[in-house]
Peer 1: 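Submitted below is the structure of interest, expressed as structure tokens.
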Amino acid sequence: MKRPYFHVRNARLRFSLLLHRQSLSILIGLLLATFAVFVLSTGTGQVSISPLRVLNVLFGAGTAQDTLIVHSLRLPRTVIAVMIGVSLAMSGAILQGIVRNPLASPDVIGITGGASVAAVLFLTKLEGVSIQLLPIAALLGAVLVTALLYLLSWKNGITPLRLVLIGVGLNAATNSLTTLMTVMSPIYLTARAVTWMAGSVYGTNWKVVLYLLPWLVIFLPLAMIFGRSLNAQQLGDEVATGIGHPVQKHRVLLLLISVSLAGAAVAAGGAIGFVGLLAPHIGRKLVGPSMGILLPVSGLVGALIVLLADWVARTAFAPLDLPVGIFTAAVGAPFFIYLLYTNRNR
Amino acid sequence: MTVLLQKNQSKLGGLLLLLLLVIAGMFASILWGVVDTSWQGLLQTYTHFTGTQEQLVIQQIRVPRALIATAIGASLGVSGVLMQVLMRNPLADPGVFGVNAGASFFVVVAITLFSMTSLTEIAWVAFLGAAVSGGIVYTLGSLGRDGLTPMKLTIAGAAMAALFSSWMHGLLIVNERAMEDVLFWIAGSVSGRKLELLTSVLPYLAVGWIGSILLTGQLNILSSGDDIAKGLGQKTWLIKLLSALCVVLLAGGSVAVAGPVGFIGLVIPHFARALVGLNLRWVMLYAMLLGALFVLTADIAARFVAMPKEVPLGVMTALLGVPFFVYVARKGVTRS
């Protein structure tokens with residue numbers, strides 16, 4: 001009988017990987033599913049393009065008209081959706097690992113809120129400045145709020161309860177700040193800010209893809225490398241320290257990675273809610289709690305969620321192009337309630 | 001806990017002093033602002049009204065504003081006390097319950113989808129939204145064996161708020177014209193509200209106030225624990241239900257008039273308890289006056305922070321309240 005897992009190891013590089021065959025096939029299945037939805041979504045719109053023709057365009061053999069539509073209109077949007085989904089989902093998975101609470105997610109504890117404040121401030125107060133700097137502003141906001149959160153929850157260490165409660169409080173503060181800024185600015189700027197806040201990938205172009213890309217290239221591998229130390233942290237701080245893990249050091253590092261991913265995603269797509277909460281849960285149901293495989297699987301699930309939500313938001317109420325955030329929230333909130341229900345006796 | 005006012009006489013004295021402060025606050029609210037008005041003007045508005053600009057400002061803008069601020073401050077303070085006793089949770093607050101988010105969402109639906117414009121109609125919609133959302137969060141938070149825990153409540157409230165706010169933003173994008181009409185409301189403010197708006201919900205607020213004060217004796221017993229209260233012959237479910245009803249009347253009425261104004265219900269009871277201890281008979285009265293004073297002060301401050309524009313009241317109270325929330329959360333919520 002075949003063993004249910006296999007391993008890859010290199011002693012000199014101090015590298016080892018243990019993979020379950022089943023998890024691997026789930027990963028591959030998800031990849032295929034994501035790609036399928038990606039192609040289908042790219043093909044749907046005012047001008048319908050069959051999946052085969054989309055594939056042709058992707059491999060450089062499409063007609064001129066198809067290529068134009070796909071390349072300049074459709075593709076940036078689907079690509080961004082995938083990137084945002086992956087970032088938010090991985091960020092959520094790491095955060096849930098850090099606070100050891102399945103209900104934590106960047107949007108509940110104020111990280112997304114911080115990014116929103118900074119972004120709205122940028123949109124309403126720095127009107128002339130290049131939009132390219134928006135992600136940096138959003139990221140700064142996210143980092144600032146997280147630093148504040150960490151500082152305020154620190155009292156001989158961090159307890160998950162305190163982190164979540166104070167996070168919710170900070171979230172309220174950031175919400176009121178964004179309200180303040182939207183009320184105090186001229187209405188045309190407010191309209192821009194509100195659109196941004198609802199979470200939308202409407203009207204994205206390759207520039208957005210390009211400025212989001214570096215963050216993913218840097219932080220996704222880092223997440224994969226350090227994410228594994230979360231496995232030890234799940235055992236509790238004492239045990240993790242006992243088996244030689246620098247718990248507090250890794251915790252700060254992981255929080256930084258999580259925040260950077262969430263901040264970058266928010267910068268590109270606005271506050272797309274509940275993805276960071278939803279995706280890791282589905283991931284855990286599929287492959288279990290081991291971070292090495294959970295992170296990529298959650299990432300793919302996240303990509304799938306945002307792709308699907310955007311597909312529906314774009315086409316179901318055509319010609320209205322609704323923000324994707326409405327649909328992720330519509331799916332996410334009931335799921336959240338279900339989670340509360342299943343965790344009710346914990 | 002060290003209580004500032006120990007003797008009954010000093011508690012009574014404190015109450016009178018607070019009452020004077022609230023009255024002073026109301027006058028300050030009428031006299032100070034972008035246009036300063038005078039005592040004589042105020043007096044003449046109600047003795048011989050001639051319709052000068054100053055008199056119109058006083059009659060149409062300042063007096064309603066001061067009265068509304070006082071009423072919602074008192075209501076939110078009292079509803080905070082009720083909630084914290086009911087939940088045995090120092091972080092309970094109508095805002096944490098998603099009351100504000102629910103009311104905002106319902107109002108946006110009413111304005112964008114049903115093109116409602118009259119403030120009175122909107123007030124009722126807000127009332128409904130507050131009750132619905134409060135009910136949902138209460139139910140969700142009390143699922144499970146150990147009933148209502150601070151953690152579950154806070155998270156359920158946050159989730160419902162996130163859901164409502166994302167739907168609200170969605171509606172606003174689809175219907176951009178409505179945005180301008182709605183924004184002033186969802187920010188929470190006591191300015192630009194007509195006196196009729198207050199008088200139409202005043203009966204409900206009054207029932208809430210009187211009900212809460214009448215309930216204090218029973219609530220004192222209830223706060224020593226369900227088992228003890230039952231042992232003493234109290235119908236605990238009835239008391240809880242009546243208190244919850246008062247909360248809906250008070251918080252819903254306030255949201256209906258002023259829009260979402262958060263954190264007053266959280267902050268005020270703590271101050272009241274620090275002043276007079278745990279006896280709810282005193283706490284309730286103090287919370288009423290302290291709440292009114294807090295909102296009056298915050299509203300006056302809101303006029304001057306960013307002259308000549310006004311900061312929405314809801315933003316002011318949130319910015320004042322969040323540090324306090326963090327402080328209480330740090331101190332520990334497991335202690336009842």
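The analysis underlying the following values was restricted to heavy atoms, covering all of them including side chains, and did not include hydrogens, waters or symmetry mates.
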Peer 1: Quick one: what part of B:M168 sits under 4.5 Å from any heavy atom of chain A, side chain, backbone, both or neither?
Peer 2: neither
Peer 1: Is the side chain of B:R330 donor-acceptor paired with the backbone N or O of A:I166 at a distance under 3.5 Å, no angle test?
Peer 2: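 No; zero donor-acceptor contacts below 3.5 Å.
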Peer 1: A side-chain contact here means heavy atoms from C-beta on lying under 4.5 Å apart; do A:L177 and B:L319 qualify?
Peer 2: yes
Peer 1: With only heavy atoms counted, which part of A:F274 is less than 4.5 Å from chain B, the side chain, the backbone, both or neither?
Peer 2: side chain
Peer 1: Using heavy-atom distances under 4.5 Å, tell me whether B:V322 contacts chain A through its side chain, its backbone, both, or neither.
Peer 2: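 Contact with chain A involves the side chain of B:V322 alone.
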Peer 1: Contact part of A:A330 toward chain B, heavy-atom cut-off under 4.5 Å: side chain, backbone, both or neither?
Peer 2: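 Backbone plus side chain of A:A330, per the 4.5 Å heavy-atom cut-off to chain B.
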Peer 1: When rounded to the nearest 0.5 angstrom, what is the spacing between CG in B:N100 and CG in A:N175?
Peer 2: 11.5 Å
Peer 1: Taking all atoms of both residues into account, what is the closest heavy-atom pair of A:S176 and B:V315, and its distance?
Peer 2: O-CG2, 3.4 Å
Peer 1: With chain B as the partner, which of A:L152, A:V168, A:T179 has the greatest number of non-hydrogen pairs under 4.5 Å?
Peer 2: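 Of the candidates given, the most pairs with chain B belong to A:L152.
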